[in-house]
*Asks:* 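Take a look at this one; I'll ask things after.
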Amino acid sequence: MNLFVSEGNPHCVKVLAAVELTGVKCDISHVNHEERVVPYLSRPTLPALALPSGLHLFSPNAICRFLFEASGREASSLTNQWLEWEATDLQPALAQALHLSALQGKRTEAATALQAPLSVLEQGLRKRATPFLSGEEVSVADIVLWGALYPVLSDSSFMTGELAQVGGWFQRVALLPACQSAVRAVLTGKGAESQLKAYLQKQPALHAQRREAQPCNQPEAEDTEVVVTEEEMQAAAQTWNLGLKDCPAPISREHPILPQDGKRNILLTSALPYVNNVPHLGNIIGCVLSADVFARYGRLRGWNVLFVCGTDEYGTATENKAREEGLTPQQICDKYHAVHTAIYRWFHIDFDYFGRTTTPHQTEIAQDIFWRLHERGFLLEDTVEQLRCEGCQRFLADRFVEGVCPHCRYAEARGDQCDKCGRLINAVELKDPQCKVCRQTPVIQSSKHLFLDLPKLEGQLEEWLERSFSSGDWTANARQITRSWIRDGLKPRCITRDLQWGTPVPHPDFSEKVFYVWFDAPIGYLSITANYTSQWEKWWKNPDQVELYNFMAKDNVPFHSVVFPCSLLGAQDNYTLVNHLIATEYLNYEDTKFSKSRGVGVFGDMAKDTGIPADVWRFYLLYLRPEGQDSAFSWADMALKNNSELLNNLGNFINRAGMFVTRFFEGSVPQMELLQEDLKLLAQVGWELRQYIQLLDKVRIRDALKCILNISRHGNQYIQVNEPWKKIKGGDQERQRAGTVTGVAVNVACLLSALLHPYMPTVGAAIRDQLRAPPTCMEAALQGAGSFVCVLPAGHRIGTVSPLFQKLEADQIEALKKRFGGQQPKAPSEATPSPAVAPAPAPAPSAQPCADPERAQQLAREVAEQGERVRTLKAQKAEKAAITAEVSRLLELKKQLALAEGRDPDPTPQKGKKK
C-alpha cells in the first residue's frame, strides 16, 4: 500500500497518525497539493491510499477507518456516532474557523464558529467520564477528531475554562507518539504556516455556510472585509496586466456533443418533470434552473457539457388527465410537453436537448435493461396485494392513494413514500387509505408482479456508493437519505403495474402490464439522449471518461441513488452511474404550499404575465435556493432583493461605471495608473472570483451568487471613496485619478457580466453589449483558478449605457401577492355557510324555460354523436370508468337539449309508478 500526503494539508495529520498507531505497513509519499494521484478523479484529492488491488481510498476518515480495521480494531457503535458527527457537524464549522483564523487573522470570529460543536464535544466527554471518546482506549474516532481539530486547538487561545474536558482529551491524544510524529511531518517546520495557508486558499470559502442555519429570507449578515496582503496585491497586479493575450477563443457548441479525449466530459441531467403538471417555482429551482446554472458555468470553464432533460409521460396520472380533458393520453402528452417547453424557454433554460419518454427508444432501452436483469437473476416474481378503487374501476397507482403513514402517523402519506418521515411504504400498509380521484375507500386485491431483487444487489450498490461518495459532490441530504435506505436494509422493489399507458413489459407472462414509473422514468435519461444522438452509448456506457451530475429535489433521491443504480449495476453493461447527486430541499410559497387547484403560488406559465423579467425571477429563486433547508418564496422579500441587491447594489455599480466613461471620457476607457488602493480592489475582486469558482465547482450555487454581489459592493465602495465625479473637475493629477478609478470600475463591471452569465444570462449579455466587451472576456475570467485581467484597455470604446433593472413598487407587489394568494372570489355555495336547518323551499316558478330552436338543432346533433360514442365503447367492452364518463357527458347534453327546446330538464317523476 502507498499513502500519498502533502505538507500543510490538515487532513493528512489524522491518516499519518493512524498509520503509525495501527502499525499497518504502508509506504508514504509526500507530494504537492496539485498532484493527481487517483487516476480516475478529475481534481487533485489528498490524502489518498493506493491499495494492492489497484483501488484507492481518498476520504481521510475512510482511510483511518480502513487502517484501524486492518489492524483488527473494529469500530463500536459509539465510535461510529462520533465519526458521523465529525463529518456532518464538526467539519463545516471547522472549515469556517480555519478560513477565519489562518487566512483572515480573525481568531475571535473563528472561536465563535467553533463554539457550538466544541460544546457538544465537551458534553459528550463529560457524560462518558472516560479518557477517550469511546472508552478507556484510543479509537479511530479519537484520531479523526483530534487530527481535525489540531490546526485550531493547538493554539491555546481557542481553549477556555468552559472546555476543560475537551482540553484534557486533546492533550492526552496529542501526547501519543504517533500523533506527535504526524504533526511534525505535515504541520511543523520551516514554511508550515504558509503551506497551510496555501492549502486553505485552494478550498472553497465557507463564510456563507453558517448562515444556512437561518431562513434564506432573513436579512444577510454583513460580510466582513477580506484582508489582503502586499503579496496578494502584487500578484493581482501581475494578473491584471496579462490582459487577453493568452486567452483561448470561445468554443462554439456543435451538435451532437460527444465525449472528447483530454477534456472533462460532463453529462448533466435534471429530474424529468411529470408531463401533466405545470411546474411551479419550487419545481423549477429544484431541477431545471439549478442544472442550467451549472451547465452554463461548465461551458464557460471549457468543460465538454451535455445537458439533457425531458418530460416524463407515462403512468396513471396521464391517463386520468386525458380522461378529464376528453383527450387521448398521447394528446395530453403532446399538449403539456409543449407547455413545459414554452415555460423553460421563457426562463432561459439552455438544454442541449429537451425530449420526452414516449418514444421507441424508451421502449427499446427499458426492455433491454429488463431482459439483462432477468437473465442475470436479479428479478423475482411474486403475488402482491394492491389497492383497487371500485368507483374508478382500476388498480390505483401509488400517487393516487393517500392515507395515514404507518410509521409516523402523517395524515397525507402517499402510496409509495411518506413526505414527512421519508420512509418507503407499500400502499396497502397505509391506514385509512383513500382514492385521491374519487375519495372512496379502495379494496385490496391480489395481482402477480415482477420485482427488482435489491437485496441481491446491495453489496454491489454499497461498494459503488462508497466510491461515489468519496470522489463526488453529493449534497448532505442526498448522502443522508441514501444512507438511511441502506441502514434500514433494502427490500425487493416492484417494477410492474396494472396499467395501460406505459412501456410494455416484454415478458409473455406479464404482457398486459407496463413498467412501474420509477423503474421506467430514469431510463428516460438514456432514451432522451438516444433521441438526441445515435451515439448515446458514448455518454451512457463510458464511466471512465464521463462524469454524471443529477439535479433534483430531495424526494427523488432514493430512486436516483438506490433503485436506478441497482437497475444499471444489475444489467452489467458498463453503464455510467451518477458521480455527483445534487438535491435541494423544498421551496414553499409564503407561509404555505403551492397549489394549482387553490390558486396558491406562482406556476411557470404565470410568471411571464407578472411583468417581471425572467432573469429577475432566476436571480431571486437562486438567491433563496433551498440548499441546506427548506426556504419560502415571499413577494415582499423578492421586492426587497430586487430593489436592494439588483437595483441599488449591482445595477447601480455597473451603470455608474459605464456612465462615468460616457460622461467624463467621451465613451473611451481612460488611461489607468494603479495605486495601492486600486491594487487592493484588484486583490479583493480576485479573491471573490476564486471563491466563486471554488464554490460553483462544488455546485454551491447560492453561495457563489453572494460572491457576485460582494464584488459589486466592493466596486460601489471603491467608487464612493474615490469620488471620480469630483476629481474629474480638478487638476491633471486628480483627473488622472478619476480616469484610473473609472477604468478599473468598468473592467469590474465587465467581469461581473461574465459571472452573471450562469445566473442571469440576458442581463450578462446586456452588460457586455453596452460595454462592447470582447468575445473572450467571459472565458478569460473563468480559466483555471480564476483571473481578473484587464479586458477593456485604455482606448476601448463602449456603447450606450442604460439601466439594467427597474424598481418593484409596493402596490405592484401587493397586487401580485393578492393575485397568487388563493384569494379568488368564492362561488355562492362557498361564500355562505349552509344553515343547520334548511329553510323551506321556495315555490317553483310556473314559467317554462325559453326555447332556442337553433341551439336545439345543434345540440340534437351532439346528442346523437355522443350516443353513438357510448354505444361504441360498450360494444368494445371498454373500462367501466371510461363508459361512465361518456354517459355523464351524454346526460348533460340531453339536459341542455331540453332547455333549448323549452322543456324542463329535470321532470318530476310520477309517484307510485312501478318499474
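Keep in mind that the numbers below use all heavy atoms, side chains included, and drop hydrogens, waters and symmetry copies.
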*Asks:* Assess whether side chain to side chain contact (heavy atoms under 4.5 Å, CB included) is satisfied between Arg618 and Val293, documenting all intermediate values.
*Replies:* CA-CA 10 Å; Arg618 287 175 62 109; Val293 170; 4.2 Å; yes
*Asks:* Under 3.5 Å, is there a donor-acceptor pair between the side chain of His796 and the main chain of Arg772?
*Replies:* yes
*Asks:* To the nearest 0.5 Å, how far apart are CZ in Phe619 and CG in Leu650?
*Replies:* 7.5 Å
*Asks:* Quick one: closest heavy-atom pair of Tyr759 and Ala704, and the distance?
*Replies:* OH-CB, 3.3 Å
*Asks:* How close do Pro774 and Leu792 get, counting heavy atoms only, and between which atoms?
*Replies:* CD-CD2, 3.8 Å
*Asks:* Got a donor-acceptor contact below 3.5 angstrom from the Asn649 side chain to the Ser644 backbone?
*Replies:* no
*Asks:* What are the two closest heavy atoms between Ala780 and Val789, and how far apart are they?
*Replies:* CB-CG2, 4.2 Å
*Asks:* When you measure from the side chain of Tyr692 to the backbone N and O of Leu755, does any donor-acceptor pair fall under 3.5 Å?
*Replies:* yes
*Asks:* Might you point out which heavy atoms bring Trp346 and Ala614 nearest each other, and give the distance in Å?
*Replies:* O-CB, 3.1 Å
*Asks:* What class does the angle between the rings of Tyr297 and Trp303 fall in, given that below 30° is parallel, 30 to 60° is tilted and above 60° is perpendicular?
*Replies:* perpendicular
*Asks:* Under 6.0 Å between ring centres: does that hold for Tyr344 and His340?
*Replies:* yes
*Asks:* For a side-chain contact (heavy atoms from CB on, under 4.5 Å) with Tyr718, tell me which candidate from Asp678, Val748, Val685 qualifies.
*Replies:* Asp678
*Asks:* Please check if the side chain of Arg625 supplies one atom and the backbone of Arg702 the other of a donor-acceptor pair under 3.5 Å.
*Replies:* no
*Asks:* Between Glu547 and Arg264 (salt bridge meaning N to carboxylate O under 4.0 Å), is one present in this structure?
*Replies:* yes
*Asks:* So, the side chain of Thr742 versus the backbone of Gly739: is there a donor-acceptor pair under 3.5 Å, distance only?
*Replies:* no
*Asks:* What's the verdict on side chain to side chain contact (heavy atoms under 4.5 Å, CB included) for Val744 and Leu674, showing C-alpha distance, side-chain angles and the deciding distance?
*Replies:* CA-CA 9 Å; Val744 170; Leu674 303 183; 3.8 Å; yes
*Asks:* For the residue pair Trp635 and Trp617, does the interplanar ring angle fall in the parallel (under 30°), tilted (30 to 60°) or perpendicular (over 60°) class?
*Replies:* perpendicular
*Asks:* How long is the straight-line distance from NE2 of His255 back to CG of Asp352, given to the nearest 0.5 Å?
*Replies:* 5.0 Å
*Asks:* I'd like to know if the side chain of Ser668 and the backbone of Phe665 have a donor-acceptor N/O pair within less than 3.5 Å.
*Replies:* no
*Asks:* Would you tell me whether Gln733 and Glu673 have side-chain atoms, one donor and one acceptor, within less than 3.5 Å of each other?
*Replies:* no
*Asks:* Measure up the Phe603 and His280 rings against each other and bin them: parallel (under 30°), tilted (30 to 60°), perpendicular (over 60°).
*Replies:* perpendicular
*Asks:* Backbone N or O of Glu585 within a donor-acceptor pair of the Asp630 side chain at under 3.5 Å?
*Replies:* no
*Asks:* For Ser802 and Gln770, test the side chains for any donor-to-acceptor distance below 3.5 angstrom and give the result as yes or no.
*Replies:* yes
*Asks:* Should Asp697 and Arg301 count as an ion pair when the cut-off is N to O under 4.0 Å?
*Replies:* yes
*Asks:* Could you please spell out the steps behind the side chain to side chain contact (heavy atoms under 4.5 Å, CB included) verdict for Leu679 and Leu682?
*Replies:* CA-CA 5 Å; Leu679 298 181; Leu682 299 187; 4.2 Å; yes
*Asks:* Rounded to the nearest 0.5 Å, how far does CG of Asn643 lie from CD1 of Ile813?
*Replies:* 8.0 Å
*Asks:* Would you kindly say whether Gln234 and Gln238 are connected by a side-chain donor-acceptor distance under 3.5 Å?
*Replies:* no
*Asks:* Ignoring hydrogens and geometry, is there a side-chain-to-backbone donor-acceptor pair from Asn747 to Gly743 under 3.5 Å?
*Replies:* yes
*Asks:* Answer whether the closest heavy-atom distance between the side chains of Ile708 and Leu705 falls below 4.5 Å.
*Replies:* yes
*Asks:* Using a strict threshold of under 4.0 Å (side-chain N to carboxylate O), is an ion pair present between Asp703 and Lys698?
*Replies:* no
*Asks:* What heavy-atom pair brings Pro724 and Ile719 nearest, and what distance separates the two atoms?
*Replies:* CD-O, 3.5 Å
*Asks:* Can you tell if the side chain of Val308 reaches within under 4.5 Å of the side chain of Leu268, non-hydrogen atoms only?
*Replies:* no
*Asks:* Of all the heavy-atom pairs spanning Leu689 and Gly786, show the shortest one and how long it is.
*Replies:* CD2-C, 3.7 Å
*Asks:* Rounded to the nearest 0.5 Å, what separation is found between the CD1 atom of Ile582 and the CG atom of Asn477?
*Replies:* 9.5 Å
*Asks:* State whether the side chain of Arg299 and the backbone N or O of Val305 hold a donor-acceptor pair below 3.5 Å, judged by distance alone.
*Replies:* no
*Asks:* Checking side-chain contact (heavy atoms from CB on, under 4.5 Å) against Ile343, which of Ile349, Asn283, Val278, Val288 comes through?
*Replies:* Val278
*Asks:* For the pair Thr610 (side chain) and Met606 (backbone), establish whether a donor and an acceptor sit closer than 3.5 Å, ignoring hydrogens and angles.
*Replies:* no
*Asks:* For side chain to side chain contact (heavy atoms under 4.5 Å, CB included), just list the numbers for Trp240 and Met672, CA-CA rounded to whole Å, side-chain angles, deciding distance to a tenth of an Å, and then say yes or no.
*Replies:* CA-CA 12 Å; Trp240 166 268; Met672 291 164 275; 3.8 Å; yes
*Asks:* From Glu677 CD over to Asn722 CG, what is the distance, rounded to the nearest 0.5 angstrom?
*Replies:* 4.0 Å
*Asks:* Check whether the side chains of Gln684 and Arg713 place a donor and an acceptor atom closer than 3.5 Å, and report yes or no.
*Replies:* no
*Asks:* Enter the distance from Cys707:SG to Leu752:CG here, rounded to the nearest 0.5 Å.
*Replies:* 11.5 Å
*Asks:* Do other residues, nucleotides or ligands put more than 12 heavy atoms under 6.0 Å from the CD atom of Gln806?
*Replies:* no
*Asks:* Suppose we call two aromatic rings close when their centres sit under 6.0 Å apart. Are Tyr620 and Phe633 close by that rule?
*Replies:* yes
*Asks:* Does NZ or CZ of Lys729 lie under 6.0 Å from the centre of the six-membered ring of Phe664, at an angle within 45° of the ring axis?
*Replies:* no
